[in-house]
Amino acid sequence: MRVTKKIKEKQIEILGQIYAGAKPELVYSNPFELLIAVILSAQCTDKRVNVTTARLFAKAPDAQSIIDMGIDALEQEIRDCGLFRSKAKNIMATCRTLVEEFDGEVPEDFDTLLKLPGVGRKTANVVSSVAFNRPAIAVDTHVFRISNRLKLATGETPMEVEQGLMKAIPKEKWSDAHHWLIWHGRKICKARKPLCAECPLAEVCPSNEMK
DNA sequence: CTCCCGATAT
DNA sequence: ATATCAGGAG
């Protein structure tokens with residue numbers, strides 16, 4: 001199947017219909033909590049992150065109190081999320097930066113977010129989009145996989161896919177579409193065993209194994 | 001490119 | 001047993 005612009009529009013239309021109202025599964029109550037939750041979510045399920053952050057924020061609700069608890073305690077607190085040593089190190093360094101340079105607040109500027117330790121392009125885009133309501137498309141493992149399978153946007157790197165998606169999707173839908181793709185990746189177009197037989201996008205998917 | 005890493009699904 | 005989970009740093 002050749003995926004024309006027309007077909008991409010149809011893919012986006014269907015995604016918007018089935019995943020209308022999709023929002024993050026991560027639980028957070030302010031930009032700081034979202035930032036920490038997203039850092040923790042690398043190679044970890046959101047469900048597990050939510051259990052961890054609920055416990056963590058009850059003890060340390062802001063940057064200064066995380067600094068105060070110390071690196072060893074932080075490591076133990078987030079252990080269940082995996083990659084815990086590097087995550088603890090990055091969270092600690094990020095909290096110091098927030099306190100020292102931004103009065104304990106999370107900066108809104110994308111490039112400033114990117115400079116925070118442990119914050120890469122994907123995390124910066126999520127915070128920018130979700131916490132500060134700016135149009136952005138964070139390309140995580142799901143968005144990357146689904147975009148390539150649909151050929152909605154193709155590329156070897158998340159950056160390439162991100163740029164392809166920005167061309168294929170109107171700007172006002174960027175943030176929503178980002179969530180549509182994630183939900184589709186979780187519910188239907190799974191990494192290991194995609195459920196093509198029950199996929200509403202089967203007709204417009206070049207990777208569909210059925211028919 | 002490799003390494004970090006526990007929990008979970010298959 | 002193994003692949004995968006809202007990645008990022010060196």
Side-chain angles (χ1 to χ4, degrees), chain A residues 15 19 21-28 31-56 71-98 106 110-132 134 136-149 152-153 155-162 165 174-198 209:
Chain A
L15 285 168
Y19 303 109
K23 61 176 182 55
E25 193 176 347
L26 289 173
V27 176
Y28 65 98
F32 175 74
E33 291 192 359
L34 177 65
L35 173 61
I36 301 305
V38 178
I39 291 175
L40 286 174
S41 71
Q43 298 296 294
C44 180
T45 59
D46 285 2
K47 195 173 292 182
R48 174 54 51 190
V49 172
N50 288 336
V51 172
T52 300
T53 52
R55 199 176 54 206
L56 172 64
I71 187 74
D72 292 338
L74 180 59
E75 283 187 1
Q76 293 314 309
E77 203 64 45
I78 69 172
R79 171 181 277 277
D80 289 353
C81 291
L83 308 179
F84 65 94
R85 275 181 280 266
S86 47
K87 285 176 183 174
K89 185 178 173 184
N90 286 329
I91 288 171
M92 195 57 80
T94 280
C95 285
R96 283 195 226 284
T97 304
L98 294 185
V106 178
F110 179 81
D111 293 316
T112 307
L113 283 168
L114 256 189
K115 291 176 189 164
L116 295 171
V119 177
R121 202 171 177 84
K122 176 258 174 177
T123 301
N125 270 319
V126 171
V127 173
S128 185
S129 163
V130 175
F132 302 125
R134 294 170 190 242
I137 302 178
V139 179
D140 63 22
T141 181
H142 294 302
V143 175
F144 184 79
R145 183 181 69 251
I146 309 313
S147 297
N148 273 306
R149 281 182 179 169
L152 175 58
E156 301 283 327
T157 67
M159 179 68 164
E160 292 175 48
V161 170
E162 181 183 333
L165 287 173
W174 286 357
S175 294
D176 285 334
H178 153 73
H179 288 110
W180 300 340
L181 290 167
I182 287 179
W183 244 249
H184 190 55
R186 284 185 178 149
K187 304 295 183 184
I188 308 280
C189 199
K190 302 179 182 183
R192 193 148 7 161
K193 190 184 158 198
L195 308 177
C196 297
E198 53 184 271
E209 309 265 337

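Order of the sequence lines fixes the chain letters, A, B, ..., with proteins taken first and strands second; residue numbering starts at 1 for each chain. Keep in mind that the numbers below use all heavy atoms, side chains included, and drop hydrogens, waters and symmetry copies.
The nearest whole Å value for the distance from the CG atom in A:Asn125 to the C1' atom in C:dG8 is 14 Å. A straight line from CD1 of A:Ile146 to C1' of C:dC5 spans 13 Å, rounded to a whole angstrom. Atoms NZ (A:Lys87) and P (C:dA6) sit 11 Å apart, rounded to a whole Å. A straight line from CG of A:Leu40 to P of B:dG6 spans 15 Å, rounded to a whole angstrom. When rounded to the nearest whole Å, the span between CG of A:Asn50 and C1' of B:dA7 equals 14 Å. Counting to the nearest Å, the C1' atom of C:dC5 and the NZ atom of A:Lys187 are 14 Å from each other. When rounded to the nearest whole Å, the span between CZ of A:Arg55 and C1' of B:dA7 equals 13 Å. One atom, NE2 of A:His184, and another, P of C:dA6, lie 15 Å apart when rounded to the nearest Å.
Contacts between residues 75-85 of chain A and DNA chain B, counted as heavy-atom distances below 4.0 Å, involve A:Arg79, A:Asp80, A:Gly82, A:Leu83, A:Phe84, A:Arg85.
A search for ring-ring contact (aromatic ring centres under 6.0 Å, His included) contacts involving A:His178 returns nothing, not counting sequence neighbours. Partners of A:Glu33 by salt bridge (Lys or Arg N to Asp or Glu O under 4.0 Å), not counting sequence neighbours: none found. Every side chain to side chain contact (heavy atoms under 4.5 Å, CB included) that A:Pro158 has, sequence neighbours left out, goes to A:Val139, A:Phe144. Taking A:Arg85 as the reference, nothing meets the salt bridge (Lys or Arg N to Asp or Glu O under 4.0 Å) condition, with sequence neighbours excluded.
The six-membered or imidazole ring of A:His184 lies near that of A:Tyr19, with a centre-to-centre distance under 6.0 Å.
Considering SG of A:Cys81 and CG of A:Asn50, their distance stands at 9.5 Å, rounded to 0.5 Å.
Residues A:Lys122 and A:Val38 form a side-chain contact, since some pair of their non-hydrogen atoms from C-beta on lies under 4.5 Å apart. Contact annotation: the side chain of A:Val127 never approaches that of A:Val119 to less than 4.5 Å [non-hydrogen atoms, C-beta and beyond].
Heavy-atom nearest nucleotides on DNA chain C were determined for A:Asn90 and for A:Cys44, and the one closer to the 5' end corresponds to A:Cys44. Between A:Lys115 and A:His179, the residue anchored closer to the 5' end of DNA chain C is A:His179, taking for each the nucleotide with the nearest heavy atom.
Remark: the separation of the P atoms in B:dC4 and C:dA6 is 22 Å, to the nearest Å.
In this model, the phosphate group of C:dC5 is approached by a side-chain N or O of A:Thr141 to a distance below 4.0 Å at OP1 or OP2. Put simply, A:Arg186 has a side-chain N or O that comes within less than 4.0 Å of OP1 or OP2 on C:dA6.
A:Tyr28 and A:Val130 get closest at one heavy-atom pair: OH-CG1, 3.1 Å.
No salt bridge links A:Lys47 with A:Glu25; every basic N to acidic carboxylate O contact stays at or beyond 4.0 Å.
Residue A:Val143 is out of contact with every strand shown, counting any heavy-atom pair closer than 4.0 Å. Residue A:Pro24 is in base contact, counting any heavy-atom pair closer than 4.0 Å across all strands shown. As judged by a 4.0 angstrom heavy-atom cut-off over every strand, A:Val126 is placed among the base-contacting residues.
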Any protein N or O atoms within reach of nucleotides 8-10 of chain B? Criterion: under 3.5 Å, listing atom names and distances.
unit_1: B:dT8; atom_1: OP1; unit_2: A:Arg48; atom_2: NH2; d: 2.3

